[in-house]
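These figures come from a predicted structure and were not determined experimentally.
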Amino acid sequence: MLRKVVQVLIQNVNKGNVGKLASIVKLSCAEALLRAGSGEKDIHIKLDSLPHDFLRTTSVQDISTTKDYKIQIHFKSEQIKSRNTIERDHLYQFADKLIQNVLQYGSNKISKQEFYNQVGNVANGVIDYISFELRRIKTNAFSEYVEQTLKSILANLYVNIGISQFNSSANLLTKLIIYVNDYEDDQEIENLDQTILILKQKFSDEMKLTDRVVTAIKKQFDVHNTSLYQILVFAFIYSQNQKMVDRETNAVIITHGYSTAESLASTVNRLLGSYVYESFDMPLDASVDDIIREIKAYFKTVDIEKPLVILVDMGSLKALDQRLKKIYSGAIAIISGVSTEIALDIGNKVLQNNIDEDVLKRSAREAAPKITTVEPVKRKNVILTTCITGIGAATYLQKLIQDNTHGEITVISKDFYELKKNGIKDSVFNKYRVKIIVGTDDPSIPEIPYLSVEGLINRDVGDPVFLTAFPDVFTNASLKSMNDSIVRAFTVDNIANNMTALDPAVTVSQVEGCVTKLERSLGTKMDVYLKISLYMHLCFMFERVVQGEPNLDYHNVDHFRQCYGRFIEITEDALSDMQHYYSVKIPVSEIGFIFDILKNRVDLSNIE
């Protein structure tokens with residue numbers, strides 16, 4: 001156990017409270033054991049192994065490093081497996097990429113610019129992985145402690161080195177240090193020592209800063225592999241430092257909420273390809289004094305004689321100006337309503353050293369919120385008619401409804417099987433606003449109300465559907481009038497009158513006989529609504545067959561023939577007189593459509 005962990009426990013557990021101390025030790029050991037790899041023989045307990053609730057209320061200041069507490073815990077287990085294999089693999093993959101880049105540069109295989117580009121790509125890859133993909137990304141007491149410690153380290157180091165970076169760097173470097181601290185182990189890394197030597201020879205200034213950061217980290221945290229920290233911290237500092245340019249204006253983003261300013265500043269800095277904005281995330285209940293306290297620390301790292309641009313999220317922060325002018329020497333501009341757009345615009349002008357009051361006013365004016373309205377696509381309200389054969393009955397229903405609504409409602413017909421296959425994705429629903437589907441069978445589209453022929457005739461069923469779909473068109477009186485017309489239209493005589501090739505009286509009489517024979521053979525009594533549907537279908541079917549029109553394609557006719565042979569025999573027998581009379585043969589595909597009309601309305605189980 002790291003001596004610092006022991007000292008934290010000794011200093012922050014009340015005297016005599018052995019029970020609390022024992023509980024904390026047990027929880028810490030359990031957390032460390034969970035993190036341990038399967039091949040490790042010892043448990044290594046770090047600060048972040050301590051319970052988060054305990055750390056959050058713990059004082060970790062002025063801890064002595066003179067005493068060397070050593071507690072070692074041995075355990076044996078073949079069941080422990082690291083839950084962090086993927087994260088650890090990524091860590092060492094990043095390190096290996098950096099090593100290869102350094103070795104290439106050390107042997108003069110790539111130029112300094114190529115080296116900078118490659119290191120920058122790896123550094124950005126590490127930060128992106130930590131920020132967006134790493135599973136363990138959540139604020140806790142340990143990460144807050146690390147962040148505050150690193151901010152203190154960086155504030156002092158950056159002032160001495162002359163790099164004007166503060167919170168944003170600390171936030172990102174915090175994530176990097178916690179990532180390495182969580183997933184490093186004692187495994188050897190090939191060519192790592194040689195890589196560090198090359199870096200110290202080629203980049204002495206950067207490595208001096210790196211060493212100072214890593215040394216400070218080692219004083220605070222448990223470090224297994226110093227060189228691993230060095231190469232990753234170097235990549236971070238080198239990629240950040242190379243992007244610095246001499247600017248005449250300091251720029252800051254201040255927002256309320258967690259990580260809002262940091263995220264915005266990081267995004268804009270990346271888009272601009274340079275470090276421009278410092279970020280300050282303030283709690284919602286933060287006072288002006290709290291904000292001033294944070295900014296004062298930042299002012300120690302920059303030239304306060306230069307102009308300062310502050311982007312804030314709410315107008316209430318504009319009250320900062322009176323307080324800031326007492327501690328900042330340069331001109332100050334505060335712009336409220338910060339957004340990515342205005343941050344990019346002003347950030348670009350900062351990089352060009354093209355900032356004055358008129359430029360800022362113009363940027364703020366151009367970035368004012370703009371309203372764009374999107375009008376919905378106007379589609380005609382329609383009623384869709386469909387039937388199993390796709391023609392005949394559907395066309396008849398289309399004309400029937402169209403005539404009885406006096407043209408106020410558009411009615412279109414659609415093939416049943418295509419509709420059933422495509423569902424709500426069918427192109428007809430993009431072109432029209434379908435309010436009702438009327439048909440001889442339900443295509444099962446839950447989003448659109450379905451009205452069967454029976455429902456069309458039965459006012460108790462049909463009226464509510466029509467009134468809901470077209471409240472401005474229908475009234476009770478108009479629905480009664482339409483229903484009377486529809487009932488008359490569905491009489492056998494009116495169906496027959498819509499036939500063009502066959503003798504209506506003969507055909508209707510024959511169809512009635514076919515339906516009666518089919519009822520007897522199937523052992524079922526059909527209701528009047530089903531009979532009407534069947535009359536319509538059979539009349540139009542015989543007319544098509546007699547006229548020699550091409551047979552309709554029934555879906556999977558071979559399967560139907562194989563599975564429903566008895567139904568085919570019964571139907572052929574029921575239709576035999578009409579087939580003989582017209583000297584035609586009704587194909588199995590047409591019998592399949594008859595089956596589909598009946599299957600959901602009568603019990604056919606007794607015939608197969």
Neighbour count above 12 (heavy atom, 6.0 Å) for Gln562 CD:
no
Examine distances only and state if a side-chain atom of Gln579 and a backbone atom of Ile586 form a donor-acceptor pair shorter than 3.5 Å.
yes
Under 3.5 Å, is there a donor-acceptor pair linking the side chains of Ser363 and Asp345?
yes
First locate atom CG of Leu264, then atom OG1 of Thr340, and finally report the distance between them rounded to the nearest 0.5 Å.
5.0 Å
Does the side chain of Thr500 reach to within under 4.5 Å of the side chain of Glu543, using non-hydrogen atoms?
yes
Sorted by chain and residue number, the salt bridge (charged side-chain N to carboxylate O under 4.0 Å, His left out) partners of Lys380 (sequence neighbours excluded) come out as none
Enter the distance from Tyr564:OH to Phe595:CZ here, rounded to the nearest 0.5 Å.
4.0 Å
Do you know which two heavy atoms are closest between Tyr129 and Ile86, and how far apart they sit?
OH-O, 4.4 Å
Distance, nearest 0.5 Å, that separates CZ of Arg520 from CD1 of Ile570:
14.5 Å
Tyr432: side chain to side chain donor-acceptor pair (under 3.5 Å) partners, not counting sequence neighbours
none
Run the numbers on Lys517 and Glu512 for salt bridge (Lys or Arg N to Asp or Glu O under 4.0 Å), then give the verdict.
CA-CA 9 Å; Lys517 192 172 182 180; Glu512 286 183 291; over 6 Å; no
Spacing of Ile401 atom CD1 and Ile412 atom CD1 [to the nearest 0.5 Å]
11.5 Å
Flag side-chain contact, heavy atom, 4.5 Å: Ile445 against Ile437
yes
Salt bridge Asp358-Lys361, side-chain N to carboxylate O under 4.0 Å:
no
Are the side chains of Val268 and Val276 in touch, meaning some heavy atoms are under 4.5 Å apart?
no
Any salt bridge between Lys585 and Glu572, counting N to O under 4.0 Å?
yes
I would like to know whether Tyr535 and Thr507 meet side-chain hydrogen bond (donor to acceptor under 3.5 Å, both in side chains); could you show each step before the answer?
CA-CA 10 Å; Tyr535 287 164; Thr507 305; over 6 Å; no
Side chain to side chain contact (heavy atoms under 4.5 Å, CB included) between Ile310 and Ile254: does it pass, once the steps are laid out?
CA-CA 7 Å; Ile310 302 178; Ile254 306 175; 3.8 Å; yes
Euclidean distance, Glu519 CD relative to Thr524 OG1, rounded to 0.5 Å
7.5 Å
Listed partners of Ser452 passing side chain to side chain contact (heavy atoms under 4.5 Å, CB included), at least two apart:
Tyr450, Glu454
Minimum side-chain heavy-atom gap Val338-Val312 below 4.5 Å:
no
Interatomic spacing from CD in Glu408 to CG in Asn381 - rounded to 0.5 Å
12.5 Å
Tightest non-hydrogen contact, residues Val465 and Pro449, listed as CG1-CB, 4.2 Å
Return each pair, listed once, that meets salt bridge (Lys or Arg N to Asp or Glu O under 4.0 Å) where at least one residue sits in residues 416-438; pairs must be two or more places apart or across chains.
Lys414-Glu418, Lys414-Asp426
Smallest separation among heavy atoms of Val473 and Ile409, with atom names
CG1-CD1, 4.0 Å
Within the distance-only criterion (no hydrogens, no angle test), does the side chain of Gln402 pair as donor or acceptor with the backbone N or O of Val411 below 3.5 angstrom?
yes
Where do Val438 and Ile383 land on the side chain to side chain contact (heavy atoms under 4.5 Å, CB included) test, with the steps shown first?
CA-CA 7 Å; Val438 179; Ile383 292 176; 3.9 Å; yes
With respect to Tyr277, which candidate in Val252, Val309, Ile253 satisfies the side chain to side chain contact (heavy atoms under 4.5 Å, CB included) definition?
Ile253
Given Phe466 and Phe470, is the ring-ring contact (aromatic ring centres under 6.0 Å, His included) satisfied, shown in steps?
CA-CA 6 Å; Phe466 283 114; Phe470 299 96; 7.5 Å; no
Strictly distance-based, threshold 3.5 Å: is any side-chain N or O of Asp281 a donor or acceptor partner for the main-chain N or O of Ala261?
yes
ring-ring contact (aromatic ring centres under 6.0 Å, His included) with Phe593: of Phe540, Phe416, Tyr554, only one passes, and it is Tyr554
Of Thr386, Ile424, Ile448, which is the lone residue that meets side chain to side chain contact (heavy atoms under 4.5 Å, CB included) with Leu419?
Thr386
Close side-chain approach of Arg601 to Met526, heavy-atom, < 4.5 Å
no
Quick one: does Asn348's side chain have a donor or acceptor within less than 3.5 Å of a partner on Leu344's backbone?
no
Got a sec, which residues hit salt bridge (charged side-chain N to carboxylate O under 4.0 Å, His left out) with Asp577, two or more places apart in sequence or on another chain?
none
Where do Val508 and Val511 land on the side chain to side chain contact (heavy atoms under 4.5 Å, CB included) test, with the steps shown first?
CA-CA 5 Å; Val508 169; Val511 164; 5.7 Å; no
Closest approach of Tyr179 and Ile130, non-hydrogen atoms and distance?
CD2-CD1, 3.6 Å
Residue pair His555 / Asp596, side-chain donor-acceptor N/O under 3.5 Å:
yes
Tell me if a side-chain donor or acceptor on Asn124 pairs with a main-chain N or O of Gly120 at a distance below 3.5 Å.
yes
Side chain to side chain contact (heavy atoms under 4.5 Å, CB included) between Tyr581 and Val506, intermediate numbers included
CA-CA 10 Å; Tyr581 181 86; Val506 174; 3.9 Å; yes
Name all pairs fulfilling the side-chain hydrogen bond (donor to acceptor under 3.5 Å, both in side chains) condition that reach into residues 470-480, sequence neighbours left out, sorted by first residue then second.
Thr475-Ser478, Lys480-Asp484
Checking Tyr582 against Gln510: is there a side-chain donor and acceptor pair closer than 3.5 Å?
yes
Answer yes or no: is there a donor N or O on one side and an acceptor on the other, between the side chain of Arg379 and the main chain of Phe429, under 3.5 Å?
yes
